[in-house]
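Every chain is numbered from 1 and lettered A, B, ... according to where its sequence line falls, protein lines coming before strand lines.
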2 protein chains.
Amino acid sequence: MSPGHIHVPTDCRTVTEILSRVGDKWSVQVVVQLGEGSRRFNELRRSVTGISQRMLTLTLRGLERDGLVTRTVYPTIPPRVDYQLTGLGCSLLKTVRGLGEWAIVNRDEILDARRRFDEGAADQEVHQQRPDAA
Amino acid sequence: MSPGHIHVPTDCRTVTEILSRVGDKWSVQVVVQLGEGSRRFNELRRSVTGISQRMLTLTLRGLERDGLVTRTVYPTIPPRVDYQLTGLGCSLLKTVRGLGEWAIVNRDEILDARRRFDEGAADQEVHQQRPDAA
DNA sequence: CGGGATCCCCCAGGATACTG
DNA sequence: CAGTATCCTGGGGGATCCCG
């Protein structure tokens with residue numbers, strides 16, 4: 001490891017890539033679910049509200065590809081497939097939790113800022129709309 | 001604040017929303033740049049490689065809306081607009097840095113896992129392709 | 001049950017041109 | 001310089017059907 005800052009552009013691209021995985025619509029939610037323990041496909045489907053089976057498959061494949069979850073197939077009838085976080089996956093979960101806590105803590109402040117901003121934007125529109133019912 | 005776990009579904013949606021902001025293609029990069037100090041529009045445009053002026057505008061508006069950056073207009077000619085992180089923005093930056101460090105630390109492990117996974121997938125394809133030149 | 005294959009829609013986001 | 005407005009395309013992602 002080189003000391004000091006880590007400003008190499010190569011790392012930046014990698015970091016951005018990882019971040020996009022975190023920001024993707026489903027990955028984090030799946031990881032959180034798996035944080036509670038090993039889960040089957042349809043168990044995940046039910047607990048991650050709103051996900052389609054297609055996206056669940058793709059999400060799991062992506063996580064498996066990056067070594068964040070393992071996929072275990074039991075060749076029974078009916079088939080059974082278990083997904084489980086790897087050590088890497090667990091460590092990611094821990095890190096992401098930091099972000100989650102930040103979000104919860106600052107939730108209200110963000111919502112307030114948002115409301116103020118939107119009210120200001122509404123004021124601007126008065127000059128464009130007919131200020132009838134004002 | 002209720003003690004213990006914070007598993008309320010309402011919070012989940014908020015957290016997901018924040019996460020998507022973090023995972024979005026440009027927000028984090030802009031925030032990182034602003035972490036070095038106040039910047040003008042075109043300064044940002046140059047330092048955030050690949051961003052279009054349209055997306056920079058949209059990204060900055062979003063960040064401003066959430067109270068993460070401030071926008072200061074100097075009505076000079078030519079106009080000058082400075083963007084700067086708020087306290088909220090700084091705290092987000094700090095939290096995101098945790099994720100960035102995770103990404104750097106685990107970069108190689110992920111890349112390795114990815115390579116192994118892709119090789120395995122390539123093996124499967126042999127059964128579907130004509131093993132001619134094999 | 002746990003997916004793969006297909007179709008299709010929507011919109012994030014790039015390119016370009018214009019304005020104050 | 002710092003945007004706004006418009007057009008246009010790629011692919012993210014839902015719905016549906018099928019298969020071992």
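Regarding Leu60(A), its CG atom lies at a distance of 10 Å from the P atom of dG4(C), rounded to whole Å. The distance from atom CZ of Arg45(B) to atom C1' of dC1(D) is 10 Å, rounded to the nearest whole Å. Met55(B) has its CE atom 16 Å from the P atom of dA5(D), to the nearest Å. Between the CZ atom of Arg46(A) and the C1' atom of dG2(C) there is a distance of 12 Å, given to the nearest Å. If you take CZ of Arg21(B) and C1' of dA12(C), they are 14 Å apart, rounded to a whole angstrom. Residue Arg39(A) contributes atom CZ, which lies 20 Å from atom C1' of dG3(C) at whole-angstrom precision. Per the geometry, CD1 belonging to Ile51(A) stands 15 Å off P belonging to dG12(D), to the nearest Å. A straight line from CG of Leu56(A) to P of dG2(C) spans 10 Å, rounded to a whole angstrom.
Nearest heavy-atom pair across Leu99(A) and Val96(B) is CD1-CG2, 4.1 Å.
When heavy atoms are screened at a 4.0 angstrom cut-off, Tyr74(A) is found touching no nucleic acid atom at all.
Taking every side-chain heavy atom of Lys25(B) into account, dG13(C) is the closest of dT4(D), dG14(D), dG13(C). Between dC1(C), dG3(C), dG14(C), one nucleotide has an atom nearer to the side chain of Arg40(A) than all others, and that is dC1(C).
Two residues, Arg54(A) and Arg71(A), neighbour DNA chain C, and the one matched to the more 5' nucleotide by heavy-atom proximity is Arg71(A). In terms of position along DNA chain D, the nucleotide closest to Gln53(A) lies nearer the 5' end than the nucleotide closest to the other residue of the pair Pro79(A) and Gln53(A).
Within a 6.0 Å radius of CZ in Arg114(B), other residues, nucleotides and ligands contribute more than 12 heavy atoms. Enclosure of atom CZ in Arg97(A) is not indicated, since only 12 or fewer non-hydrogen atoms of other residues, nucleotides or ligands lie within 6.0 angstrom.
Side chain of Ser27(B) to backbone of Gly23(B): no donor-acceptor contact under 3.5 angstrom is found. Of the possible polar contacts, none joining the Ser38(A) side chain to the Asp82(A) backbone as a donor-acceptor pair under 3.5 Å is found.
OP1 or OP2 of dG3(C) has at least one side-chain nitrogen or oxygen of Tyr83(A) nearer than 4.0 Å. Contact annotation: Arg61(B) side-chain N/O to dT4(D) OP1/OP2 distance is under 4.0 Å.
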